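Structure first, then comments.
Computed from a prediction, not measured in an experiment: that's the story for all the values here. In each ligand, atom 1 is the first atom listed, and ligand 1 is the first ligand listed.
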Amino acid sequence: MVLTGKTAVVTGAAMGIGKAITEILLQNGAKVVLLDVNETAAKSLLEDLRKQHGQDRTLFLSCNVESEEQIKAAFQKTVETFGGIDILCNNAGILNEGEWEKTVSINLLGVIRSTYASLQHMNKLTGGRGGVIVNTASMAGLGPLLSCPVYTATKHGVVGFTRAMAAASAASGYGIRYNVICPSFVQTELLDNITLKLGQFSHLEDATQQLVEVLGILTPSEVAQCVFELVTDETKNGEALMIFPKGKQYITFPSMQ
Ligand SMILES: NC(=O)C1=CN([C@@H]2O[C@H](COP(=O)(O)OP(=O)(O)OC[C@H]3O[C@@H](n4cnc5c(N)ncnc54)[C@H](O)[C@@H]3O)[C@@H](O)[C@H]2O)C=CC1
Ligand SMILES: CC/C=C\C[C@H](O)C(=O)/C=C/C=C/C=C\C=C\[C@@H](O)C/C=C\CCC(=O)O
């Protein structure tokens, strides 16, 4: 996929990995709609992006992925502004084992809400142009992080949902590819104040810290480069890409056949 002239929507775009995804998509010619709840950070980023890429290739819309209504309104505004949606990066996510229902609502249900809402605009069977969706899971979507069981569950859900949507799309002729990234630790604000975010499992922080020391820490740009690969390589559908500082690996799952 050539990105020039394409329209991308990125959730959780104001900071961290979402910001890096937004930047690499703009650098490669796409128009990008930034969705986030952090208006201050988003508007500051938008000002910088417009200085670099011009006034007409970006749009910020305040959108909480816990709200189907806000997601649908954001997608409608995107289509009205840029004519359609070609790329969707469901990236918004939190880590909060104390508020685990909120974690589920954002990390898993938010991805489902956004994916389903995008169908009417992207599905070739309903007048869409097709395209690609890349969801942000985690290595915790492939194996357990003992200090955050609910976060782990949400990310396992994102991996499974993405792979099922990829199969459904291929079988139905939607013309949409679905892929998922599974990064290890990334230097973002999500990692700040981790003890508080682990809630009743904060006594297990040291075990996670040991994982960090073994695996190292990625930069958001390294993760965004992998998203760019999954967006542009039109052979990729149903892929889970594990990303860590020493490299990356496409996961092979047990085959039912
Ligand atoms: N930082 C890490 O070590 C890793 C992060 N991830 C995942 O990467 C994604 C991005 O996280 P980071 O960039 O690390 O965190 P971050 O905290 O830097 O950025 C998350 C962004 O999502 C936004 N957001 C939060 N709740 C939202 C909601 N309800 N609706 C819309 N936007 C919302 C925040 O305002 C923020 O801009 C998350 O899904 C996270 O689970 C995956 C693996 C590793
Ligand atoms: C306390 C949580 C800290 C950060 C959360 C962050 O957002 C995140 O998602 C970081 C994940 C890092 C995970 C790193 C390693 C995970 C190891 C095990 O759970 C096994 C995982 C995958 C095995 C895959 C395989 O080898 O087949």
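Under the 3.5 Å distance criterion, with hydrogens and angles disregarded, no donor-acceptor pair is assigned to the side chains of E205 and T208. Neither side chain, T11 nor N90, offers a donor N or O lying under 3.5 Å from an acceptor on the other. In this model, no donor atom of one side chain and acceptor atom of the other lie less than 3.5 Å apart for T235 and R177.
Residue Y116 places its OH atom among 12 or fewer non-hydrogen atoms of other residues, nucleotides or ligands, all under 6.0 Å distant. In E68, the CD atom is not crowded: 12 or fewer heavy atoms of neighbouring residues, nucleotides or ligands sit closer than 6.0 Å. Around atom NZ of K19, no more than 12 heavy atoms belonging to other residues, nucleotides or ligands sit under 6.0 Å away.
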What short N/O contacts, under 3.5 Å, does ligand 2 make with the protein, listed by atom pair and distance?
residue  : atom   : partner : partner atom : Å
ligand 2 : 7 (O)  : Y151    : OH           : 2.6
ligand 2 : 9 (O)  : S138    : OG           : 2.6
ligand 2 : 9 (O)  : Y151    : OH           : 2.8
ligand 2 : 19 (O) : G143    : O            : 3.2
ligand 2 : 19 (O) : P144    : N            : 3.4
ligand 2 : 19 (O) : P144    : O            : 2.6

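One distance of note links CG of N179 with NZ of K236; it measures 8.5 Å at 0.5 Å rounding.
Just one of R50, Q52, H53 meets the side-chain hydrogen bond (donor to acceptor under 3.5 Å, both in side chains) condition when paired with T58; it is R50.
Within 4.0 Å of ligand 1, contacts by protein heavy atoms are made from G12, A14, M15, G16, I17, D36, V37, N38, C63, N64, V65, N91, A92, G93, I94, I106, T136, A137, S138, Y151, K155, P183, S184, F185, V186, T188, E189, L190, L191.
Minimum interatomic distance between V159 and A137 (heavy atoms only, all atoms of both residues): CG2-CB, 3.8 Å.
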